[in-house]
Protein chains: 2
Amino acid sequence: MIPTEDKPSSSVARLYDHIKDQAISFRIKPGERLNEVDLAKKLGASRTPLREALNRLTAEGLLTFERGRGFFCRELKPREIFELYQLRATLEVASVRLACESATDKELDEVKDFLLETGTDRGSLSSEQLVEFDEIFHERIVSFTRNSEMARVLKNVNERIKFFRWVDMDNRRNETQHEHRNILQAICARDVDKAAELMNRHITRRLDQITAAVKEGYARIYMGSEGLDLD
Amino acid sequence: MIPTEDKPSSSVARLYDHIKDQAISFRIKPGERLNEVDLAKKLGASRTPLREALNRLTAEGLLTFERGRGFFCRELKPREIFELYQLRATLEVASVRLACESATDKELDEVKDFLLETGTDRGSLSSEQLVEFDEIFHERIVSFTRNSEMARVLKNVNERIKFFRWVDMDNRRNETQHEHRNILQAICARDVDKAAELMNRHITRRLDQITAAVKEGYARIYMGSEGLDLD
DNA sequence: TATTTCTAAACTGTATTCAATTTTGGAGAG
DNA sequence: CTCTCCAAAATTGAATACAGTTTAGAAATA
């Protein structure tokens, strides 16, 4: 969220990036309290830049803060994921509407090419890789809005639901690319309502679906992705 | 954005609130560089909590940061305001759609009452007060979505455009309440499309309109709101 | 055994100090 | 007059020190 500087990587930025990755992937567990002294030592810095990084991540919703108790990893709550999905759907639908008006044929061809390149041999890709491709597709669409504030919000939403999307992708590995193609076709046809409907359907999740996937997410976090590897 | 704690007000929170108000209102001027030493002395704290507060405000988009140069007030750019308005319109339209489905009649009656109470004698109110009422109306609508993430994004957007809205309100003091009533009527009638259309019209601004109001905004910032009071 | 109390250790909040970097302003040259 | 260079002052980035608060675990009590 805070742009990377042109200058030598600062301590704050390095810490921010590192902890962000850990928070996104729930390698820091939901609700886990961060010990500043340990973390600073482990990351080779003092508490001063560490706290600066933690403040940024808190403002972005990846961590939470309690005065006197310190910083914590955000929880993994179905209701929160549901709300983020609803927000995401709202913005992605608005994006395809704007894309139908603003995207050039050349730009859309490039997205078509991207879908072709990433459409093959999906069975062998990890869900992380699939989500990565999925994100790139959506980022392309959002870029057609020429609205950097929308892109910024969506980026933050995506960071906060990324872990959840890895889980979700395992149950939908084959559908999403098909859906992407249909969405893109509707945009190319400048069929606003169809594109909006397809995107909304592509993204919307019911709360019970989310709850089920969150349960699976907890299993991954606490048992590891290789099975019952308790740690 | 970061919730106020139940505990004694911390130095960071106090500094955050104070600087936030200054940034929202452009009492810190667009692009102005913040001097940490001076500011810390002026606010009666050390640089450590000050920098923590500044990091939060930067992540929220009210300030900007350059490594080696420090923290700055965000600029007042028409394009950015335009994008924030577009984002706002997207979310407010989605909100009235959800409100048509979710809001109880009792809740809507309360908003009606609010509009009645705040509908009289608008000529004597400051544009700040009018924007305040305007915000309350919109917050009520957004609360009907039961989506705290949408509310959160809208809150941030509103903070970042608040100054602009004061300027804009001076040119529209009589229209907005009328528009609010129409929007509310459409919601009460559960007429989704009409409510959405009215809200969209209520919020959308063309870039040229925004540019003109931003110019006026600069005049206020640099000449003061009492006329040519150069400071 | 479970619960409560208490104390020391650990941690958080912040002030101070120090090192590195940027800015400012004066002097000199064209 | 403008531009460049340079040194000193000022500022930013971060480490360390200190004070206040919270936590963990042991001891006492029911």
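Below, read A as the first sequence line, B as the second, and so on, with proteins coming before strands; counting in each chain starts at 1.
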Nearest-Å distance for atom pair [atom1]/[atom2], residues [X] and [N]:
X: B/E32; N: D/dT11; atom1: CD; atom2: P; value: 13 Å
X: A/L50; N: D/dG13; atom1: CG; atom2: P; value: 16 Å
X: A/F71; N: C/dG13; atom1: CZ; atom2: C1'; value: 10 Å
X: A/L54; N: C/dT14; atom1: CG; atom2: P; value: 15 Å
X: A/R33; N: D/dT22; atom1: CZ; atom2: C1'; value: 7 Å
X: B/N55; N: D/dG13; atom1: CG; atom2: C1'; value: 11 Å

Contacts of A/N200 meeting side-chain hydrogen bond (donor to acceptor under 3.5 Å, both in side chains) (sequence neighbours excluded), chain-then-number -> A/T204
- [ ] For B/R205, enumerate each residue passing the side-chain hydrogen bond (donor to acceptor under 3.5 Å, both in side chains) test, keeping only those at least two apart in sequence or located in another chain.
- [x]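 Per chain and number, B/R205 pairs via side-chain hydrogen bond (donor to acceptor under 3.5 Å, both in side chains) with B/D168.
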base_contact_polar (D/dG13 base, B/R47 side chain, donor-acceptor, <3.5 Å):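 Per atom types, the contact qualifies.
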* To do: Check if the side chain of A/T48 and the base of D/dA15 share a donor-acceptor pair of N or O atoms closer than 3.5 Å.
  => yes
Residues at least two apart in sequence or cross-chain that pass side chain to side chain contact (heavy atoms under 4.5 Å, CB included) with A/K42, listed by chain then number, are none
- prompt: Between A/C73 and A/L63, which heavy-atom pair has the shortest distance, and what is it?
  reply: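 Minimum heavy-atom separation between A/C73 and A/L63: CA-CD2, 3.9 Å.
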Applied to residues 31-53 of chain B, the ring pair (Phe, Tyr, Trp, His ring centres under 6.0 Å) test, sequence neighbours excluded, yields none
Got a sec, which pairs hit ring pair (Phe, Tyr, Trp, His ring centres under 6.0 Å) with one end in residues 74-97 of chain B, sequence neighbours left out?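 Listed once each, the pairs are B/Y85-B/F164.
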Checklist entry - For the side chain of A/D170 and the backbone of A/S127, is there at least one donor-acceptor N/O pair under 3.5 Å apart? => result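 Pair absent, no side-chain N/O of A/D170 close to backbone of A/S127.
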### Message
Among residues 34-45 of chain A, which ones have heavy-atom contacts with DNA chain D below 4.0 Å?
### Response
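Residues of residues 34-45 of chain A that come under 4.0 Å of DNA chain D are, in numerical order, A/A45.
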Relative to the 5' end of DNA chain D, which residue comes earlier, A/P49 or B/G70, by the nucleotide with the nearest heavy atom?
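Nearest-nucleotide comparison on DNA chain D picks B/G70.
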Quick note, B/F65 side chain, CB onward, closest among D/dG13, D/dA14, C/dT12 is D/dG13
Are any of A/R69's side-chain N or O atoms less than 4.0 Å away from OP1 or OP2 of D/dT21?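 Result: no.
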Residue-phosphate contact under 4.0 Å: B/R67 side-chain N/O, D/dA14 OP1/OP2: yes
